[in-house]
Amino acid sequence: MERLQIGIVADGGKTGQTDFKAYGSNRIGISGCMVLIVDSGCAIVSVGFKRRVLRRGMMAVLFYDDIFWIERSSSTFCCRYVALADDNVQEAIYKLSSPNFWDSLSENSLLRPDIAQWELLERWYEQMVWICHNSASEYTNQLLRNNIYNLFMAMDGEMTQSGAGSNKAISRSRILIIKFLKLVAQHFRTTREVSFYAQQLCITTTYLYKLTHNRWNLSPKELIDQQTICEIKTLLSGTDMSVKEIAATLHFEDTPYMCRYFRQRTGLSPMEFRNKERR
C-alpha cells in the first residue's frame, strides 16, 4: 500500500490508493485539495476538530486549510484519492462563487453520495487517473483544473436540488463577502480598484478590508489580484493569445505593466510561465 505524500504535492496532481496507516494519528498535510473516495472499512477522523465517521461509500473533499487526521481505522479501511496542487484548485475556487456550495462544504466536508452520484464519481475518478498518467504533459494541468471544476459544479447542482444550505441564516458580513466575491468575478477584468468594490457594496474600503482580513487574513486587493493572476495563468496555459492580447483583454494600461504585475506575484514572467506549463 502506497504511503501518500499529500503534503508535498508541489505541482500537478496525483491519484492512488491509501489506508493512511503510515501517518498514525498525525495531522495529514494537504497541498491544495484532496478528494477521498472510501472503498472499504471505516475510520474515526477529525476534520476541523470535529470527530466524524468516514466509512465505505462516502467521500471527503478537503482543502489546504483543513485540519485533518485519522484517530483510528479498521483493518480493511482503504480509499482512493486525488491530491491536487494549489495552482490547479484556485481556478475552480474563484470561478465557483455559489454561497450555498461553500457554506455546505465548510460545515460538512464528508459526504455520502447516492447510487447514481457514486457512479458519476467513479467515472470522474477514472478521468483523473487518465489525466495524471496518460494525457500529454502540456495539457495535464489545464485538464486537472477543468475536471476539479466539473466536480465542484456537479456537487453544487446536487446541493441546490436537495436544498442543502438554503435555509441557513447568513450574517450581514457573510452576505457582503459573498457579494464582494461575485462583484470581483464580474468586474476584475476591467477594474481592480478596491474603492470601486466598496462603493458597489455601499461600505468603506476600511470595512471591506476588515471583512476579508477576518475571513481569510487577506486584503481585498490581494483577493482581486489572486483572481486576476488566475485568469492570466488560464489564458497563458489554455490559449494561444499573445501577452499583448491578454494585457488588452484584462484592461492593463500596457503590456510591460502586466508583465511586471505578473512577475511580482508569481516570480515568473508571462512567457516563462507559459513555457514552463508547456514543458
Side-chain angles (χ1 to χ4, degrees), residues 9-13 30-35 61 63-65 82-99 101-102 105 131 138-153 155-156 177-194 196-197 208 212-213 215-253 255 257-278:
V9 178
D11 52 30
I30 300 166
S31 177
C33 174
M34 177 175 66
V35 178
V61 182
F63 292 92
Y64 70 93
D65 55 353
V82 174
L84 294 176
D86 188 56
D87 283 351
N88 286 331
V89 180
Q90 282 185 11
E91 184 176 325
I93 291 173
Y94 290 125
K95 280 184 177 179
L96 191 66
S97 57
S98 167
F101 175 72
W102 295 114
L105 203 58
I131 291 169
E138 63 266 33
Y139 301 122
T140 298
N141 283 333
Q142 191 57 51
L143 288 169
L144 289 172
R145 293 167 193 154
N146 292 343
N147 226 31
I148 191 67
Y149 178 59
N150 291 341
L151 175 67
F152 290 165
M153 273 203 310
M155 290 173 63
D156 183 34
I177 284 174
I178 291 167
K179 286 183 176 179
F180 171 64
L181 293 178
K182 286 185 175 180
L183 285 168
V184 172
Q186 291 168 4
H187 299 290
F188 77 94
R189 294 174 185 85
T190 55
T191 180
R192 287 172 282 277
E193 295 297 324
V194 175
F196 166 82
Y197 296 96
L208 180 56
T212 61
H213 190 268
R215 177 81 175 180
W216 295 291
N217 202 29
L218 294 171
S219 70
K221 186 67 169 66
E222 287 173 314
L223 290 168
I224 296 166
D225 287 344
Q226 285 184 2
Q227 176 91 17
T228 306
I229 291 296
C230 184
E231 182 73 1
I232 295 172
K233 287 181 176 180
T234 299
L235 295 174
L236 287 169
S237 61
T239 76
D240 291 322
M241 292 173 67
S242 68
V243 174
K244 184 177 180 180
E245 288 172 329
I246 294 172
T249 299
L250 297 179
H251 292 80
F252 281 92
E253 59 187 53
T255 306
Y257 176 68
M258 191 196 80
C259 292
R260 291 194 301 272
Y261 176 93
F262 188 81
R263 182 183 285 278
Q264 287 170 357
R265 291 159 180 80
T266 66
L268 298 171
S269 72
M271 287 309 299
E272 286 171 341
F273 175 81
R274 173 171 274 173
N275 292 335
K276 178 186 174 187
E277 287 290 293
R278 291 182 174 177

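Numbering starts at 1 and runs along the sequence shown. Since the structure is predicted, the reported quantities are computational estimates derived from the model, not experimental observations.
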Note to self: For Glu245, give me all partners under salt bridge (Lys or Arg N to Asp or Glu O under 4.0 Å), at least two apart in sequence or on another chain.
What the structure shows: none
Notebook entry, point to check: Can you pull the ring pair (Phe, Tyr, Trp, His ring centres under 6.0 Å) pairs that have at least one residue in residues 217-238, sequence neighbours excluded?
Noted result: none
Item checked: Qualifying residues under side chain to side chain donor-acceptor pair (under 3.5 Å), relative to Arg260, sequence neighbours excluded -> none
Next item on the list: Identify, with sequence neighbours excluded, every residue that meets side chain to side chain donor-acceptor pair (under 3.5 Å) alongside Ser237.
Entry: Gln142, Arg145
Next item on the list: Using a 4.5 Å cut-off on heavy atoms from C-beta on, say whether the side chain of Leu144 contacts that of Asn141.
Entry: yes
Check: With a 4.5 Å heavy-atom cut-off, do Tyr197 and Pro220 have their side chains touching?
Finding: no
Next item on the list: Applying side chain to side chain donor-acceptor pair (under 3.5 Å), name anything that partners His213, two or more places apart in sequence or on another chain.
Entry: Asn217
Notebook entry, point to check: Got a sec: does the CD of Glu193 have more than 12 other heavy atoms crowding it under 6.0 Å?
Noted result: no
Item checked: Nearest heavy-atom neighbours spanning Gly13 and Leu84 -> CA-CD2, 3.9 Å
Margin query: With ring pair (Phe, Tyr, Trp, His ring centres under 6.0 Å) as the rule and sequence neighbours excluded, what pairs involving residues 228-252 come up?
Written below: Phe252-Tyr257, Phe252-Tyr261
Next item on the list: Mind checking the OG1-CD1 spacing from Thr234 to Ile229? Nearest 0.5 Å is all I need.
Entry: 11.0 Å
Check: Less than 4.5 Å apart, any side-chain heavy atom of Val243 and any of Cys259?
Finding: yes
Checklist line | Check: Ile224 and Val184 side chains under 4.5 Å, non-hydrogen atoms | finding: yes
Note to self: So, taking the atom named CD1 in Ile131 and the one named OG1 in Thr140, what distance separates them when rounded to the nearest 0.5 Å?
What the structure shows: 8.0 Å
Notebook entry, point to check: Measuring from Thr228:OG1 to Leu223:CG, what's the distance to the nearest 0.5 Å?
Noted result: 10.5 Å
Notebook entry, point to check: What heavy-atom pair brings Ile148 and Asn88 nearest, and what distance separates the two atoms?
Noted result: CG2-O, 3.5 Å
Check: How long is the span from the CG atom in Asn146 to the CE atom in Met153, to the nearest 0.5 Å?
Finding: 9.5 Å
Note to self: Once you measure the plane-to-plane angle for Phe152 and Phe63, does it fall in the parallel (<30°), tilted (30-60°) or perpendicular (>60°) bin?
What the structure shows: tilted
Item checked: Within 6.0 angstrom of Lys221 NZ, more than 12 heavy atoms from elsewhere -> yes
Checklist line | Nearest-0.5 Å distance that lies between atom CG in Leu151 and atom CG in Asp156 | finding: 11.0 Å
Checklist line | Residues forming a ring-ring contact (aromatic ring centres under 6.0 Å, His included) with Phe273, sequence neighbours excluded | finding: Phe262
Check: Any Lys/Arg nitrogen of Glu277 or Lys233 sitting under 4.0 Å from an Asp/Glu carboxylate oxygen of the other?
Finding: no
Checklist line | Residue list, ring-ring contact (aromatic ring centres under 6.0 Å, His included) with Tyr139, at least two apart or on another chain | finding: none
Checklist line | Euclidean distance, Arg274 CZ relative to Glu272 CD, rounded to 0.5 Å | finding: 13.5 Å
Notebook entry, point to check: Between Gln227 and Arg192, does a side chain to side chain contact (heavy atoms under 4.5 Å, CB included) hold up when you go through it step by step?
Noted result: CA-CA 10 Å; Gln227 176 91 17; Arg192 287 172 282 277; over 6 Å; no
Next item on the list: Quick one: list whatever passes salt bridge (Lys or Arg N to Asp or Glu O under 4.0 Å) with Lys244, sequence neighbours left out.
Entry: none
Next item on the list: Could you walk me through whether Val61 and Met155 pass the side chain to side chain contact (heavy atoms under 4.5 Å, CB included) test, one step at a time?
Entry: CA-CA 11 Å; Val61 182; Met155 290 173 63; 3.9 Å; yes
Checklist line | Results of side chain to side chain donor-acceptor pair (under 3.5 Å) for Ser219 - residues two or more places apart only | finding: Glu222
